[in-house]
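Everything on this sheet refers to the single structure shown next.
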Amino acid sequence: MSPLFRRKAVPQERLVTLVRKPGCHLCDDAQSVVEKVCGDLGVPWEGRDITGDRELHDRYWEQIPVVLVDGEQHTFWRVDEGRLRRALTGG
């Protein structure tokens, strides 16, 4: 489909997923950023624990925390607030 006809998703139609594990300080830092940005924009987000999901564990073990936007990997290790905000607003 031509980009001219693609509908831009509004932030509330997006989904952010934070892939993390318990006891991970980088994961806690990432969650703070995700909570702030998603809270500001009204974007739903979910946390997924790699210790309870073998597929996530195998895929992301060396990269956690990992942030997915609409199921696609956005970033890992450190979450940049401005970059996440731009990804969710198209700006």
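In terms of the ring pair (Phe, Tyr, Trp, His ring centres under 6.0 Å) criterion, residue partners of Trp61 (sequence neighbours excluded) are, by chain and number, His57. Checked against side-chain hydrogen bond (donor to acceptor under 3.5 Å, both in side chains), Asp29 has no partners two or more places apart in sequence or in another chain.
Arg20 places none of its side-chain heavy atoms less than 4.5 Å from the side chain of Arg48. Between Leu68 and Val19, some side-chain heavy-atom pair lies under the 4.5 Å cut-off.
Following chains of ILVMFWY side-chain contacts shorter than 4.5 Å, one can reach Leu18 starting from Val37, so the two form part of one hydrophobic cluster. Cluster annotation: Val33 and Val43 are assigned to the same hydrophobic cluster (Ile/Leu/Val/Met/Phe/Trp/Tyr, side-chain heavy-atom contacts under 4.5 Å, transitive). Leu41 and Val16 fall within a single hydrophobic cluster, where Ile, Leu, Val, Met, Phe, Trp and Tyr are joined by side-chain heavy atoms under 4.5 Å apart, directly or via other members. At a threshold of 4.5 Å between side-chain heavy atoms, the hydrophobic network of Ile, Leu, Val, Met, Phe, Trp and Tyr places Leu84 and Trp45 in one connected group.
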Working note: Val69 + Leu88, criterion side-chain contact (heavy atoms from CB on, under 4.5 Å); need CA distance, chi angles, decisive distance, verdict.
CA-CA 8 Å; Val69 174; Leu88 294 171; 3.8 Å; yes
Residues Thr75, Asp80; criterion side-chain contact (heavy atoms from CB on, under 4.5 Å); working and verdict:
CA-CA 9 Å; Thr75 194; Asp80 180 88; over 6 Å; no
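Without hydrogens or angle criteria, Asp70 side chain to Leu15 main chain gives a donor-acceptor distance under 3.5 Å. Of the possible polar contacts, one joining the Arg14 side chain to the Ala87 backbone as a donor-acceptor pair under 3.5 Å is found.
In this structure, Arg59 does not pair ionically with Glu55, as no charged nitrogen and carboxylate oxygen lie closer than 4.0 Å. Ion pairing between a basic and an acidic side chain is recognised when a charged N comes within 4.0 Å of a carboxylate O; Arg85 and Asp40 show such pairing. Between Asp49 and Lys21 there is no salt bridge, since no side-chain N of the basic residue sits under 4.0 Å from a carboxylate O of the acidic one.
Here the CD atom belonging to Gln63 is positioned 13.0 Å from the CG atom belonging to Leu26, to the nearest 0.5 angstrom.
Within the structure, ring pair (Phe, Tyr, Trp, His ring centres under 6.0 Å) pairs that include any residue of residues 70-91 do not occur (at least two apart or interchain).
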